Amino acid sequence: MTDVRVRIAPSPTGPLHIGTARTALFNYLYARHHGGTFVLRLEDTDVARSSTAYEQDILDGLHWLGLTWDEGPGVAGEAARGGYGPYRQMERLDRYRAAADRLLAEDRAYPCYCTKEELDAERARLEAARLPPRYSGRCADLTPAERAAFEADGRRPALRFRIEPGLVAFDDLVRGRVEIDASALGGDMVILRADGTPLYHFTVVVDDAAMRISHVIRGEDHLSNTPKHILLFRALGEAIPAFAHLPLILNPDRTKMSKRKSQTAIGDYIAQGFTREGLVNYLALLGWSTGTEEEVLSLDEIASRFDLDHVQKGGAVFDRERLEWLNGQWIRRLEPVELVDRLRPFLAAEVAAGRIDRQPTDDEVLTLVPLIQERLPVLGAVGELIGFLFRERVELDPALLVPKRWDAATALQGLAAAREAIGAVGPVRFEADELEPPLRALAEARGWKAGDLFMAIRVAVTGRTAAPPLFDTLVALGRDRALARLDAAIEVLAAAA
RNA sequence: GCCCCCAUCGUCUAGAGGCCUAGGACGCCACCCUUUCAAGGUGGAGAUCACCGGUUCGAAUCCGGUUGGGGGCACCA
């Protein structure tokens with residue numbers, strides 16, 4: 001195999017989509033596995049819908065995932081890389097123009113003076129007759145005089161590429177041989193708008209050829225467009241790259257994953273506390289497998305195992321539960337200091353939202369890591385787990401203070417007795433090992449199940465029924481605050497009674 | 001409507017003619033561990049391999065058809 005050059009060509013018309021990220025990942029993996037080059041190209045020719053904010057989101061997201069590109073455009077603070085630039089299509093207009101001129105000169109393309117209204121009407125007519133939409137070719141054989149008349153009329157022409165009849169076939173690396181008759185392509189296609197800007201199907205071919213892309217790895221939604229591209233490669237006299245069409249990522253109803261039915265923006269997953277390791281691992285396994293029973297794999301491990309042979313043909317439903325499981329696997333594998341690092345912005349968000357009073361120090365969080373590491377499906381869950389430690393007071397629901405097997409009076413007694421037992425442990429000895437024996441003894445002496453007593457205490461000091469282990473929780477809280485919260489809980493319970 | 005693609009537990013998948021009385025994972029259920037929640041361990045339910053027909057001594061695997069699903073058919077990408 002010659003030099004492997006692959007690319008991801010996002011369009012900055014929206015935030016980084018999960019499907020784009022997956023396609024980028026597969027291209028990256030293919031490049032890394034084969035020692036090839038991974039190119040990033042921005043397809044920004046839809047000026048009306050493109051924005052630099054989206055562009056930034058896409059670049060940041062890819063970067064965050066660890067999908068570094070070998071060649072790509074210059075971005076804030078970073079110079080362009082690669083010898084095939086520029087890598088923004090709006091900066092390559094001269095090339096599309098030149099390619100279009102060549103096609104025009106060779107009569108492979110022709111000016112089309114049809115207006116939007118005329119084309120819409122034509123399409124509507126075909127649709128009403130239950131026929132497939134297709135351009136009639138009305139402007140295909142205009143005489144010079146007719147063209148001059150349109151021009152005189154002030155009409156600006158679009159440029160159409162002639163789709164010649166015939167069968168177009170290619171060997172897709174995941175689907176095998178695919179054959180499509182050119183007559184099913186919808187007629188001659190517009191490659192340049194009336195304003196002179198090029199269209200996707202044209203730019204993608206001109207650029208893939210110019211950038212010497214060897215393998216086009218993209219979503220299955222482009223499978224039936226591929227013959228158009230092949231025809232263009234041929235007309236331009238360029239080598240045709242290999243194609244690999246990946247299965248689509250699906251909504252739960254098995255339609256193409258969409259913003260309407262699923263969470264599609266990578267940024268939202270990042271904001272919720274998914275890790276790059278978990279997301280990459282999950283995305284790689286959506287439509288690909290190692291062929292073995294290995295599942296928890298790093299980006300490098302995946303790259304070393306990656307191949308197109310094990311890419312699935314059928315679409316894959318996005319399963320958030322499985323993603324959360326994998327994410328938890330990766331959170332548990334993080335070094336404690338690394339976890340502290342990753343948790344910092346999520347704790348800051350808790351402060352910003354007013355859910356905790358202050359940002360915990362790194363040291364504080366580090367001592368809590370053993371208590372929370374295996375309890376975080378996503379980093380964003382950290383607030384629920386340890387928020388009670390960094391809040392002046394906790395909201396207490398009197399009902400929760402009474403364990404299921406107890407009544408309010410017992411709970412009141414239990415909390416009072418616990419307050420006394422905990423208070424009896426001096427500040428110097430305030431350790432988990434010192435707290436557990438007296439509280440167990442207390443439960444035994446009163447004939448309570450230890451779990452019930454512990455639950456009442458847990459709710460009193462954390463406000464929740466689910467929390468890290470109780471004695472560690474008390475220690476983390478500190479003697480004074482633990483006692484104060486028990487007092488407050490007793491008060492709340494007494495008031496409710 | 002036309003064209004193309006696809007089809008194994010609810011979901012992600014293993015499976016390249018005999019190793020399949022179809023394996024793993026998520027989720028679910030039970031039990032163990034246990035102060036709650038997790039994590040971990042053990043076990044379980046869950047797939048007539050969409051259906052029909054062929055090829056073959058033998059088919060989840062090959063072929064044909066049917067059905068179902070999806071995608072594409074723009075002066076969007």
Side-chain angles (χ1 to χ4, degrees), chain A residues 9-14 43-46 48-50 112 114-116 119-120 123 126-127 129-135 157-160 172 175 178-181 183-187 189-195 197-201 203-204 219-228 245 247-248 250 252-256 282 285-296 309-310 312-319 321-326 328 332 372-377 385 403 436 439-440 443 449-455 457-459 462 464-471 473:
Chain A
S11 173
T13 52
E43 309 217 323
D44 53 358
T45 54
D46 187 349
R49 291 197 301 145
S50 294
C112 171
C114 298
T115 63
K116 176 112 171 59
L119 294 172
D120 286 347
R123 216 179 346 263
L126 288 166
E127 204 166 309
R130 311 209 133 252
L131 290 167
R134 148 176 268 278
Y135 175 61
L159 193 66
R160 274 186 198 272
D172 190 278
R175 275 144 226 281
V178 177
E179 297 183 341
I180 297 177
D181 197 289
S183 66
L185 263 29
M189 60 189 277
V190 174
I191 56 176
L192 247 44
R193 295 183 180 91
D195 68 5
T197 57
L199 257 20
Y200 166 77
H201 292 303
T203 60
V204 75
E220 192 197 333
D221 44 356
H222 282 112
L223 190 62
S224 10
N225 288 327
T226 303
K228 293 180 184 172
H245 287 91
L248 259 22
L250 273 23
D253 65 3
R254 304 203 73 90
T255 54
K256 180 162 80 161
Y282 178 71
L285 261 19
L286 251 200
W288 176 80
S289 69
T290 59
T292 70
E293 285 175 3
E294 298 175 299
E295 289 193 302
V296 184
D309 301 339
H310 283 89
Q312 199 80 9
K313 293 195 193 75
V317 173
F318 190 89
D319 180 4
E321 304 246 36
R322 195 169 147 80
L323 169 60
E324 286 198 9
W325 173 76
L326 261 175
R332 273 164 239 144
I372 61 176
Q373 190 157 22
E374 66 192 27
R375 293 183 166 77
L376 291 170
L385 271 180
E436 185 165 356
L439 287 169
R440 283 197 186 280
K449 295 202 72 168
D452 290 335
L453 176 63
F454 295 172
M455 181 55 85
I457 301 171
R458 174 178 301 111
V459 173
T462 69
R464 319 174 58 95
T465 55
L470 181 61
F471 308 110
T473 295

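First the proteins, then the strands, lettered A, B, ... as listed; each starts at 1. All of these numbers come straight from a predicted model, not from anything done at the bench.
- Residue Arg193(A) has no polar side-chain atom (N or O) positioned under 4.0 Å from OP1 or OP2 of A74(B).
- In terms of phosphate contacts, Gln312(A) brings a side-chain nitrogen or oxygen within less than 4.0 Å of OP1 or OP2 of A14(B).
- If you check every strand for non-hydrogen atoms under 4.0 Å, Leu286(A) touches sugar and phosphate atoms only.
- Across all strands shown, Gly287(A) has heavy atoms under 4.0 Å from sugar-phosphate atoms exclusively, and none from any base.
- The phosphate of G72(B) has OP1 or OP2 within less than 4.0 Å of a side-chain N or O from Lys256(A).
- Here the C1' atom of nucleotide U8(B) and the NZ atom of Lys313(A) are 13 Å apart, to the nearest Å.
- Within the 4.0 angstrom heavy-atom criterion, only backbone atoms of the sugar-phosphate kind lie near Thr255(A); the bases stay farther away.
- Between Arg123(A) and Glu127(A) there is no salt bridge, since no side-chain N of the basic residue sits under 4.0 Å from a carboxylate O of the acidic one.
- If you take atom C1' in C4(B) and the same atom in G23(B), they sit 33 Å apart, rounded to whole Å.
- Rounded to an integer number of Å, the gap from Asp181(A) CG to C73(B) C1' is 14 Å.
- Comparing the C1' positions of A38(B) and C76(B) gives an interatomic distance of 47 Å, to the nearest angstrom.
- Here the CG atom belonging to Leu385(A) is positioned 7.5 Å from the CZ atom belonging to Arg464(A), to the nearest 0.5 angstrom.
- Nucleotides U21(B) and C49(B) have their P atoms positioned 12 Å apart, rounded to a whole Å.
- Checking the phosphate oxygens (OP1, OP2) of U36(B), no side-chain nitrogen or oxygen of Arg464(A) falls inside 4.0 Å.
- The base of C37(B) sits with one of its N or O atoms less than 3.5 Å from a complementary donor or acceptor on the side chain of Arg375(A).
- Spacing of P atoms, G43(B) relative to A50(B), comes out at 29 Å, to the nearest Å.
- Using Watson-Crick or G-U wobble geometry with both donor-acceptor distances under 3.5 Å, A38(B) finds no partner in any strand shown.
- Annotation: G24(B) and G46(B) have their C1' atoms spaced 14 Å apart (nearest Å).
- Of the candidates G1(B), G70(B), A77(B), G70(B) carries the atom nearest the Leu248(A) side chain, counting heavy atoms from C-beta on.
- The residue Pro227(A) sits apart from the nucleic acid: no heavy atom pair falls under 4.0 Å.
- Across all strands, Glu295(A) comes closer than 4.0 Å to base atoms (heavy-atom distances).
- A donor-acceptor contact shorter than 3.5 Å links the side chain of Arg134(A) to the backbone of Ser183(A).
- The nucleotide A25(B) finds its pairing partner in U11(B), both defining distances of the Watson-Crick or G-U wobble pair being shorter than 3.5 Å.
- The closest donor-acceptor contact from the side chain of Arg175(A) to the backbone of His245(A) lies under 3.5 Å.
- Closest to the side chain of Arg332(A), out of A39(B), G71(B), C12(B), is A39(B).
- Spacing of P atoms, A59(B) relative to U42(B), comes out at 36 Å, to the nearest Å.
- In this structure, CG of Leu192(A) is placed 12 Å from P of A77(B), rounded to the nearest angstrom.
- Taking side-chain N and O atoms only, Thr465(A) has no distance below 4.0 Å to OP1 or OP2 of U36(B).
- We find that CG of Asp195(A) is positioned 13 Å from P of C75(B), with the value rounded to whole Å.
- Residue contacts shown for Glu179(A) are limited to sugar-phosphate atoms, with no base heavy atom under 4.0 Å away.
- Put simply, the side chain of His310(A) and the base of A14(B) share no donor and acceptor less than 3.5 Å apart.
- One interatomic measurement links the two molecules: CH2 of Trp288(A) to P of G24(B), which rounds to 20 Å at whole-angstrom precision.
- At least one side-chain nitrogen or oxygen of Thr45(A) sits closer than 4.0 Å to the OP1 or OP2 atom of A77(B).
- Between Glu220(A) and Lys256(A) there is no salt bridge, since no side-chain nitrogen of the basic residue lies less than 4.0 Å from a carboxylate oxygen of the acidic one.
- The separation between Asn225(A) atom CG and C2(B) atom P is 20 Å, rounded to whole Å.
- Pair assignment for G1(B): C73(B), on the basis of Watson-Crick or G-U wobble contacts that are both within less than 3.5 Å.
- Between the SG atom of Cys112(A) and the OH atom of Tyr135(A) there is a distance of 3.5 Å, given to the nearest 0.5 Å.
- Side chain to side chain, Thr197(A) and Arg193(A) meet the donor-acceptor criterion of an N or O pair below 3.5 Å.
- Residue Arg322(A) places none of its side-chain N or O atoms closer than 4.0 Å to OP1 or OP2 of U13(B).
- Nearest nucleotide to the side chain of Glu321(A), out of A77(B), C26(B), A14(B): C26(B).
- The interatomic distance linking Tyr135(A) (OH) with G72(B) (P) rounds to 24 Å, in whole Å.
- Looking at heavy-atom distances under 4.0 Å, Ser11(A) makes contact with sugar-phosphate atoms alone, never a base.
- Of the P atoms belonging to G64(B) and C6(B), the separation is 12 Å, rounded to the nearest Å.
- Here the nucleotide nearest the side chain of Glu43(A), chosen from U36(B), G72(B), A77(B), is A77(B).
- A donor-acceptor pair under 3.5 Å is formed between the side chain of Tyr282(A) and the backbone N or O of Asp319(A).
- In this structure, U48(B) makes no Watson-Crick or G-U wobble pair, since no nucleotide meets both defining distances under 3.5 angstrom.
- Distance, His201(A) NE2 to C75(B) P: 10 Å, rounded to whole Å.
- Distance check on atom C1': G54(B) versus A47(B) gives 24 Å, rounded to whole Å.
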